[in-house]
Number of protein chains: 2
Amino acid sequence: MLAKSTEYAIRALVYVQLKNWEGKRPGVVEIAREIEAPEAFSAKILQTLTRHQLLDSAKGRGGGFFFNDEQTELSLYKIIHVMEGDGCFHRCGFGLKSCNNNNPCPLHDQYKVVRDSFYDIVRKESIQSLSEKIKKGEAVLKRSIT
Amino acid sequence: MLAKSTEYAIRALVYVQLKNWEGKRPGVVEIAREIEAPEAFSAKILQTLTRHQLLDSAKGRGGGFFFNDEQTELSLYKIIHVMEGDGCFHRCGFGLKSCNNNNPCPLHDQYKVVRDSFYDIVRKESIQSLSEKIKKGEAVLKRSIT
DNA sequence: TCATAAAAGGACCCTGCTATCCTTTTATAA
DNA sequence: TTATAAAAGGATAGCAGGGTCCTTTTATGA
Ligand code: FES
Ligand code: FES
């Protein structure tokens with residue numbers, strides 16, 4: 001499972017992408033409201049993302065957050081890496097100090113499959129691909145109904 | 001990923017099973033040493049497990065931890081459930097308040113597969129099945145080499 | 001019967017993740 | 001050129017998970 005801050009980060013970036021496609025640059029207050037995350041915390045997270053250049057921002061009047069047009073697809077993996085590191089893709093599911101094919105724990109064979117599948121997902125999926133689905137109405141950014 | 005306390009719990013129970021098969025009832029100090037976990041913390045975890053009757057214990061001289069002979073297989077799921085709840089098998093990977101097939105988040109289809117695979121593993125694997133692998137030398141309880 | 005070995009239990013501490021608040025910097029529109 | 005809108009940044013609070021310590025209870029074998 002991803003850390004809460006990582007989930008907020010991904011949802012925030014998806015929202016920014018959707019607004020950018022409409023030619024808009026949302027600010028912290030709007031983003032926090034739309035992804036249902038605390039405002040001040042969202043600000044911190046967006047700051048982290050821009051500091052690591054996964055996102056651009058403009059200060060002052062008319063400012064906000066946006067993706068540089070030059071920018072290629074932004075994979076979920078990159079976001080996870082910046083927000084919480086990539087330990088979860090390497091660690092042993094049984095809690096041993098490291099995961100090792102040649103000296104496996106009793107969960108290794110099965111756990112590795114699951115861990116690698118998740119890794120594949122976050123390498124392949126991106127802010128753009130997720131946003132597409134939402135734009136097409138195939139998925140939602142927040143729950144209308146419970 | 002499992003909580004650290006859950007990992008300790010699983011490793012501790014596997015060690016107890018292995019010793020039980022040798023006709024022995026290990027105590028906290030020995031268990032903690034063998035699973036490479038802090039002693040006092042291991043005691044707390046073993047206490048939780050016996051309180052929930054996943055494990056039996058005997059106080060006083062010659063006491064220690066053991067599985068009741070009547071007892072059937074103990075699935076990893078039961079342990080996870082007692083140690084940290086089963087939220088991780090239901091939660092939305094994208095951070096929405098709930099996971100819902102009819103109102104999916106953009107990760108749902110792919111995330112669900114991974115989450116369900118992990119669920120299947122912990123339902124099928126048990127302390128006994130993991131211990132078997134170690135007994136047969138197919139897997140290890142701790143790392144000899146890095 | 002009593003010294004001792006062992007688990008049970010309660011109180012507490014520490015760290016890292018989550019979250020808030022307030023000040024500073026920057027850009028722009030009026 | 002100045003008032004204002006906005007992000008950046010620093011300091012700090014809150015809290016849960018991880019971890020420790022000490023006391024109490026219980027059983028046993030010497
Ligand atoms: S050794 Fe445990 S998951 Fe690889
Ligand atoms: S709705 Fe997000 S994982 Fe199911």
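- Checking A:S126 against A:E73 by side-chain atom types alone, a donor-acceptor pair falls below 3.5 Å.
- For the ring-ring contact (aromatic ring centres under 6.0 Å, His included) condition, the pairs that include at least one residue of residues 8-54 of chain B, sequence neighbours left out, are B:Y8-B:F41.
- The distance from atom CE of A:M1 to atom P of C:dT18 is 10 Å, rounded to the nearest whole Å.
- Atom-to-atom, CZ of A:F66 to P of D:dA6 comes out at 15 Å; the value is rounded to the nearest Å.
- Between the side chain of B:K44 and the base of D:dG17 there is no donor-acceptor pair of N/O atoms closer than 3.5 Å.
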Sugar-phosphate atoms are those with a prime plus P, OP1 and OP2; base atoms are the rest. Using that split, label each nucleotide of nucleotides 22-29 of chain C B, S or - for protein heavy atoms under 4.0 Å, 5' to 3'. ---BBBBS

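- Side-chain nitrogen and oxygen atoms of A:Y8 include at least one within less than 4.0 Å of the OP1 or OP2 phosphate oxygen of C:dA19.
- The line from CG of A:L49 to OG of A:S42 is 10.5 Å long, rounded to the nearest 0.5 Å.
- A:K19 places its NZ atom 14 Å from the P atom of D:dA6, with the value rounded to the nearest Å.
- Residues from residues 78-95 of chain B that place a heavy atom under 4.0 Å from any atom of DNA chain D: there are none.
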Let me see the working for A:E7 and A:K4 under salt bridge (Lys or Arg N to Asp or Glu O under 4.0 Å), right down to the final yes or no. CA-CA 5 Å; A:E7 291 176 351; A:K4 226 164 183 180; over 6 Å; no

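- Among the nucleotides D:dA7, D:dT20, C:dT20, the one closest to any side-chain atom of B:A40 is D:dT20.
- Among the nucleotides D:dA7, C:dA8, C:dT20, the one closest to the side chain of A:P38 is C:dT20.
- Checking the phosphate oxygens (OP1, OP2) of C:dA8, a side-chain nitrogen or oxygen of B:T50 falls inside 4.0 Å.
- Of the listed nucleotides (C:dT18, C:dA8, D:dA7), C:dA8 has the atom at the smallest distance from the side chain of B:Q47.
- Straight-line distance from the CD1 atom of A:I45 to the C1' atom of C:dT18: 9 Å, rounded to whole Å.
- Atom CD of A:E30 and atom C1' of D:dA5 are 14 Å apart (whole Å).
- B:V28 comes within contact range of the sugar-phosphate backbone alone, with a heavy-atom separation under 4.0 Å but no base atom that close.
- Partners of A:E84 under the side-chain hydrogen bond (donor to acceptor under 3.5 Å, both in side chains) rule, at least two apart in sequence or in another chain, are A:T6.
- Taking side-chain N and O atoms only, A:S5 has a distance below 4.0 Å to OP1 or OP2 of C:dT18.
- For A:S57, no side-chain nitrogen or oxygen approaches OP1 or OP2 of D:dA6 to under 4.0 Å.
- Across the protein-nucleic acid pair, B:E39 atom CD and C:dA6 atom C1' stand 12 Å apart, rounded to whole Å.
- When heavy atoms are screened at a 4.0 angstrom cut-off, A:A43 is found touching no nucleic acid atom at all.
- A:R25 places no side-chain N or O within 3.5 Å of a backbone atom of A:G62 that could act as its donor or acceptor partner.
- Nearest-nucleotide assignment on DNA chain C puts the 5′-proximal partner with B:G63, out of B:G63 and B:R51.
- B:K44 has no carboxylate O lying under 4.0 Å from a charged side-chain N of B:E39, or vice versa, which leaves the two without a salt bridge.
- Salt-bridge check for A:R33 with A:E30: failed, with every basic side-chain N at 4.0 Å or more from each acidic carboxylate O.
- For the pair A:I35 CD1 and C:dT18 C1', the computed distance is 14 Å after rounding to whole Å.
- Ranked by how close their nearest DNA chain C nucleotide is to the 5' end, A:K4 and B:G27 are led by B:G27.
- Residues that satisfy the side-chain hydrogen bond (donor to acceptor under 3.5 Å, both in side chains) test with B:K97, not counting sequence neighbours, are A:E36.
- We find that CZ of B:F41 is positioned 17 Å from P of C:dG10, with the value rounded to whole Å.
- Residues forming a ring pair (Phe, Tyr, Trp, His ring centres under 6.0 Å) with A:H81 (at least two apart in sequence, or on another chain): A:Y77.
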